[in-house]
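Here the structure comes first, spelled out in structure tokens, and everything after it is commentary.
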Amino acid sequence: LELKKKEVLNTPEKVDNWIFYADRINIDGNKWKSNKAIFSNDILQSKQVKLEINSLEAYSLKEELRFRSSLNYLVLDENVSIPFWFGSRAFNKSGQNDIKSSWSIGYDKLDKDGLFIGRKLNSLNLSDDFIINLEPQFLIQRSFNGKTNSFVKKGDLITGEKVERDAKFADYFGFKSEIKGTVNNWDLKILNQINSLDNNKFSDALRFKSILNKEINFLNAKWDKSFYAVYRDRVWNGSLGDAEIYLGYGSKLEKKHTWEVNGTNKTEVLSLGLANLKGESLSSKNLVDSLKANLFYSLDQKIPLSVDKPNSQSVDSSYEYIYEPIKKGLSLNTKIAGMYSLYEDGNHQEYIGFGFGPELILGNFKTKTFDYTRISILPFYKFKNGDSIFKFDQISDKFTLDIGFDQQLFGPIMLKSSGTLNLDSDSNDYGEFINSKISLNWKKRSYEFGIFYQPHNQAGGISFSLYGFK
């Protein structure tokens, strides 16, 4: 297949345009059939990524295109073929889709005792407006050890210390489900995660979250309006560690705006929330409940100090590893944030925070070795007052240092790392990383594959992204 495009422009966070070709297509009304069809998001060369779809059936259904197929292959750089089961999947005509790889592998020390594997089943249509995605999981490390440290002692509070227990056969399996759909122009998503199929552990093994949201116009701006409900929602709170919202429901109104002024990129976030929550007390293991009202604002800026801005954002075939040209040079990142929370009993907490630090980017990411380096440092200090009644949202770690380091090693192999260092001298975790992530990625213009691990909460997995162009 010969393509006439010499340059392409990245479409951020979405894939709108695909190359599609087949030897033969049978069209019957609104249904298309082909023994073999090729899809590629690489509209520049169609070499980096191909989806080889066998026994394809495609048909239109209201606001989406639905596809069925048999065994298929993800072909990377025309050398590596990865089999996968496409099953029945949907493309939303607005550009969103529910295509995900059939198999997943991850690491979760807290809930699953380590390494696990999952198999996504074919999506099921509950109605024209709803689908359900199901994923049975096998907890590999728990099954090998025959023990579990993911549950409290029988009869203890859910907030109690987790203890070692003998794992039953039902503990070797988990289950994840996702229901997605629309209700009167609102988007609904319901997520369930069960980390053991033992009936006696059901209340301790289940995590649930549902979100109903839509975009609205308010005060001449676009806002995201949402309603939510949670059961045992995990929250990482810096040096205080893992905490949970045991039970809660509420509403949130949020505006996020990104713009550029004289080369300075700005991102502003404003949110207001009201919720009824139950969670672990800040001062004990007991569960406490309260209404909570919250106001949050932040402004992030990236100010170029000495930046070599490319003449064009388009890329040609010489850009093998990146989807847009590198903006090299030195920038200053700044952050201003403030938050106020009020609780039912009159308790309140608030902070205002400031931070600024340099970001240096070197290289073009076009040659084989060490042609890209990114280093960023951002100290952030909070002036804090008051306390929460909960552990999960207590303002902690008044002084932190965010560190980022990305480095091309060889060809498409790239090391990415980020972390937050605790510099609060009043904290027991002073001098330690309270957030951290390291990944090794295979980065190409049209896709990126990575293996990552988060030491702070002992979780990890595999990531895969496709990039879009026009």
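Along the sequence shown, residues carry numbers from 1. Only heavy atoms go into these numbers, but all of them, side chains included; no hydrogens, no water, no symmetry mates. Everything numeric in this text was worked out from a predicted model, so none of it was measured.
With contacts defined as side-chain heavy-atom distances shorter than 4.5 Å, the pair D23/K36 does not qualify. In this structure the side chain of I326 never reaches within 4.5 angstrom of the side chain of P310, judged on heavy atoms. Looking at Y447 and L74, their side chains never come closer than 4.5 Å, going by heavy atoms from C-beta outward. Residues L76 and W442 fail the side-chain proximity criterion, which asks for heavy atoms closer than 4.5 Å. No side-chain heavy atom of I361 sits less than 4.5 Å from a side-chain heavy atom of K327. With a 4.5 Å cut-off on side-chain heavy atoms, N192 and L206 count as touching. Side chains of L191 and K189 form a contact here, defined as non-hydrogen atoms less than 4.5 Å apart. By the 4.5 Å heavy-atom criterion applied to side chains, D393 and V235 are not counted as neighbours.
The two residues S81 and Y73 come nearest to each other via the heavy atoms CB-CD2, 4.2 Å. Here the shortest heavy-atom pairing between N41 and Y467 reads ND2-O, 2.6 Å. Taking each heavy atom of A205 and S196 in turn, the nearest pair found is CB-N, 3.7 Å. Pairing each heavy atom of Q313 with each of P325, the nearest pair is O-CD, 3.3 Å.
Geometrically, K252 does not engage Y228 in a cation-pi contact defined by less than 6.0 Å to the ring centre and at most 45° from the axis. Cation-pi check for K109 over Y107 is not met; the charged atom does not lie both under 6.0 angstrom from the ring centroid and within 45 degrees of its normal.
A side-chain donor-acceptor contact under 3.5 Å links S150 and D113. If you check the side chains of N364 and Y321, you find no donor sitting under 3.5 Å from an acceptor. Looking at T420 and D402, their side chains do bring a donor and an acceptor atom within 3.5 Å of each other. No side-chain donor-acceptor contact under 3.5 Å links Q193 and K176. Under the 3.5 Å distance criterion, with hydrogens and angles disregarded, a donor-acceptor pair is assigned to the side chains of K112 and N195. Inspection of the E448 and N441 side chains reveals an N or O donor paired with an N or O acceptor under 3.5 Å.
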Would you sort out whether F116 and F138 count as a ring pair (Phe, Tyr, Trp, His ring centres under 6.0 Å), showing the intermediate values? CA-CA 6 Å; F116 68 94; F138 178 62; over 10 Å; no

CA sep, side-chain torsions, deciding dist, call: Y323, Y319, ring pair (Phe, Tyr, Trp, His ring centres under 6.0 Å): CA-CA 7 Å; Y323 52 77; Y319 290 86; over 10 Å; no

Before you tell me yes or no, could you show the steps for D171 and T148 under side-chain hydrogen bond (donor to acceptor under 3.5 Å, both in side chains), namely the whole-Å CA-CA distance, both residues' side-chain angles and the distance that decides it to 0.1 Å? CA-CA 8 Å; D171 291 322; T148 175; over 6 Å; no

If you apply the rule ring pair (Phe, Tyr, Trp, His ring centres under 6.0 Å), what do you find for Y246 with Y231, and how did you get there? CA-CA 5 Å; Y246 179 72; Y231 172 72; 5.4 Å; yes

Set out, in order, the CA-CA distance, both residues' side-chain angles and the distance that settles salt bridge (Lys or Arg N to Asp or Glu O under 4.0 Å) for R232 and E244, then state yes or no. CA-CA 6 Å; R232 297 193 63 231; E244 286 187 2; 2.9 Å; yes

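For the pairing with S239, the side chain to side chain donor-acceptor pair (under 3.5 Å) check across D424, D397, D429 returns one residue only, D397.
The aromatic rings of Y172 and F169 lie perpendicular to each other, with more than 60° between the two planes, well past the 30° mark.
One finds a salt bridge joining D42 and R445 here, because a Lys/Arg side-chain nitrogen approaches an Asp/Glu carboxylate oxygen to under 4.0 Å. Taking 4.0 Å as the cut-off between side-chain N and carboxylate O, K335 and D300 count as a salt-bridged pair.
Y372 and F365 have their aromatic ring centers within a separation under 6.0 angstrom.
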